[in-house]
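Each chain gets a letter, A, B and so on, in the order the sequences are listed, and its residues count up from 1.
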Amino acid sequence: MPIMRLPSSLASPNSLLPSIASLLKACKTQFHLQQVHAQIIHKGLEQDFFLITQFICLANTLSSLSYSTSVFDRVEGPSSHLWNSLIKGCCDRSNCVDTVSLFVRMKREEGVADRYTYPSILKACASEGKVWEGRAIHASAVRCGADGNVFVGTSLIDLYGKCRQIVCARKVFDEMAERNVVSWTAMVVGYASVGDMVEAYNLFDQMPHRNLVSWNVIITGFVKLGDLTNARRVFDQMPEKNVVSFTTMIDGYAKSGDMASARFLFEQAPAKDIVMWSALISGYAQNGLPNQAVKTFLEMSTMNVKPDEFVMVSLMSACSQVGCLELAEWVDSYLNHSSIDIHQPHVLAALIDMNAKCGNMERATSLFEKMPKRDLISYCSMIQGLSIHGRGNQAVVLFNKMLNEGLAPDEVAFTVILTACSSSGLVEEGEHFFESMRHKYGLIPCPDHYACMVDLLSRSGRLEEAYELLQSMPVEPHAGAWGALLGACKLHCNVELGELVANRLFLLEPQNAANYVLLSNIYAAFHRWLDVSVVRNRMNERGIKRYLVSVQFSLKG
DNA sequence: GTAGGGTTAG
């Protein structure tokens with residue numbers, strides 16, 4: 001085994017203590033740490049508070065919590081400082097319950113909590129929204145007089161702000177004897193996170209000093225409200241911007257669907273990191289621009305930026321939309337050779353969705369079956385995959401299996417199964433699901449659900465029923481539903497209904513050439529050439545070019 | 001004699 005060599009300047013033959021402390025400072029890996037640990041035991045220094053505290057702090061970043069704890073547990077009557085180091089490690093690597101339990105143990109074992117103890121525990125509570133636990137910790141801080149400290153006060157503002165207890169946060173803020181830029185910023189974050197940008201901005205305006213974070217949280221607040229105008233105004237006023245400022249703005253534009261502005265700002269950013277690339281790629285994917293998403297991903301690769309799980313999830317979403325099996329296979333194998341853990345729920349869900357929609361049902365199925373707990377989202381991915389590839393009957397079987405597992409379908413799940421029924425022409429099943437959606441699950445069908453039913457009924461020749469359903473809808477049907485019926489009128493050569501439906505569509509979407517073409521084709525089937533030319537003339541009058549139809553189709557394919 | 005804590009983006 002290689003042993004660490006100490007630089008001669010650090011070696012101190014007369015005293016054992018500094019040499020081990022120096023060794024600790026030089027530790028870079030868990031293995032180094034274990035070697036020093038062996039030295040500590042060997043030299044009988046396991047009770048040296050100073051050394052063990054330093055050791056725990058390092059173990060917090062280099063090793064596991066259980067390792068830190070095992071070293072800590074051998075110390076008799078640990079100092080406050082030592083307790084605080086372990087609590088910090090617990091906060092960083094475990095959950096709120098564990099951190100609070102450790103604090104309870106500290107009190108039980110007569111450890112003395114001080115102003116350094118509270119920020120970590122409060123942070124653990126804040127990150128999980130545990131306001132009741134937080135209040136108890138707050139009370140404890142008051143009892144030992146630690147609540148007057150700036151760091152403790154700021155942590156309390158953060159806690160109450162994150163838990164949406166804005167009045168409590170403000171009370172702490174107002175009662176603080178000393179505040180700094182972080183305390184002010186935490187208070188601004190509190191207002192911003194409850195959507196009160198008036199008060200957030202008001203406070204921001206009064207701040208004696210602002211730093212980059214203060215500016216960025218104001219932008220974040222406006223972006224969260226979808227107020228891109230004010231977000232941009234603040235962004236433009238910033239004395240200096242960093243990568244977070246740009247990323248927040250880009251993400252805001254992407255979420256509001258303005259990918260042109262997102263891209264423009266991205267180009268202007270002096271530096272780009274993985275989060276910024278991710279904001280752009282996910283924006284393209286979520287705005288239905290999968291080709292742009294893939295293109296941007298490739299661009300990122302040529303810049304030698306290593307993709308992370310967020311980028312890969314966006315890429316998989318884009319891939320699902322284009323249904324490209326070749327790309328899906330590449331992404332799948334990339335993930336399997338990377339350090340990304342594909343068993344994280346959102347990664348696995350995207351992977352199943354991508355494989356199902358790109359036609360690799362075998363891979364999707366094997367991932368799906370191995371899931372510890374199958375959820376609604378993954379079921380829907382699988383059902384949609386079967387549906388896209390014409391396996392409607394299997395989609396119905398899987399949907400029923402999902403119901404048997406006790407999962408309650410939502411509106412999206414019904415859209416998926418009704419689409420499956422409609423594309424495979426499963427009329428009875430579709431009617432059954434539409435019925436149970438309303439009466440068993442108490443869901444209100446939206447225009448999409450009606451569109452599926454209209455499509456299903458009309459394609460099986462039940463044109464009148466489809467028309468009646470459209471007429472009886474409590475919500476306004478969208479053009480797609482009428483369009484499906486018009487298509488079926490063409491298929492089943494029903495000229496009267498076709499005329500009726502087409503005229504509704506001409507009002508709903510006067511610029512869509514497909515409707516004119518369908519009606520003229522219906523007339524043509526009956527050799528009504530005069531009517532054909534009337535429709536064609538109407539198209540010309542409105543300046544609609546027929547070739548637009550073929551352009552639209554080629555873009556979709 | 002020596003050490004420790006709080007705010008922003010996917």
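Between A/Phe204 and A/Trp215, the ring planes lie perpendicular to each other; the angle is over 60°, past the 30° to 60° tilted range.
The nearest pair of heavy atoms linking A/Lys241 to A/Asp236 is NZ-O, 4.2 Å.
Closest to the side chain of A/Val182, from the set B/dT7, B/dT8, B/dG10, is B/dT7. Of the candidate nucleotides B/dG10, B/dA9, B/dA3, B/dG10 has the atom lying nearest to any side-chain atom of A/Ser282. Residue A/Pro119 has its side chain nearest to B/dG5 when only B/dG10, B/dG5, B/dT7 are considered. You'll find that the side chain of A/Asp308 is closest to B/dG10, out of B/dG4, B/dG10, B/dA9.
Counting only N and O atoms by type, the side chains of A/Asn360 and A/Asp332 include no donor and acceptor under 3.5 Å apart. Side chains of A/Gln47 and A/Arg74: a donor-acceptor N/O pair is absent below 3.5 angstrom, by distance only. A donor-acceptor pair shorter than 3.5 Å cannot be found between the side chains of A/Asp73 and A/Ser70.
Rounded to whole Å, atom C1' of B/dA3 lies 12 Å from atom CG of A/Asp114. Nucleotide B/dG1 holds its P atom 19 Å from the CZ atom of A/Phe49, rounded to whole Å. Rounded to a whole Å, the CD1 atom of A/Ile218 is 15 Å from the C1' atom of B/dA9. One can place CZ of A/Arg115 at 13 Å from P of B/dG4, the figure rounded to the nearest angstrom. In this structure, A/His81 places its NE2 atom 8 Å from P of B/dG5, rounding to the nearest Å. A/Leu58 has its CG atom 19 Å from the P atom of B/dT2, to the nearest Å. Separating the CE atom of A/Met187 from the P atom of B/dT8 is a distance of 14 Å, rounded to the nearest angstrom. One interatomic measurement links the two molecules: CG of A/Asn84 to P of B/dA3, which rounds to 15 Å at whole-angstrom precision.
A/Phe151 does not qualify as a stacking partner of the B/dG6 base, lacking a centre-to-centre distance under 5.5 Å together with planes within 30°.
Among the protein residues, A/Ile274 comes within range of the nucleic acid bases, having at least one heavy atom under 4.0 Å from a base atom. A/Asn149 comes within 4.0 angstrom of a nucleotide base, judged by non-hydrogen atoms across all strands. Backbone-only contact: A/Val217 has heavy atoms under 4.0 Å from sugar-phosphate atoms and none from a base. At the heavy-atom level, A/Ser85 lies nowhere under 4.0 Å from the strands shown. As judged by a 4.0 angstrom heavy-atom cut-off over every strand, A/Asp92 is placed among residues making no nucleic acid contact. Within the 4.0 angstrom heavy-atom criterion, no nucleotide atom of any strand lies near A/Asn60. Backbone-only engagement by A/Thr248 is indicated by non-hydrogen atom pairs under 4.0 Å involving sugar-phosphate atoms exclusively. Contact annotation for A/Thr117: no contact, since no heavy-atom pair falls under 4.0 Å across all strands.
One finds a side-chain N or O of A/Lys162 lying less than 4.0 angstrom from the OP1 or OP2 phosphate oxygen of B/dT8. Taking 4.0 angstrom as the limit, A/Lys88 places none of its side-chain polar atoms (N or O) nearer than this to OP1 or OP2 of B/dG4.
A donor-acceptor pair under 3.5 Å links the side-chain atoms of A/Asn287 to the main chain of A/Gly283, judged by distance alone.
A donor-acceptor contact under 3.5 Å links the side chain of A/Thr154 to the base of B/dG6.
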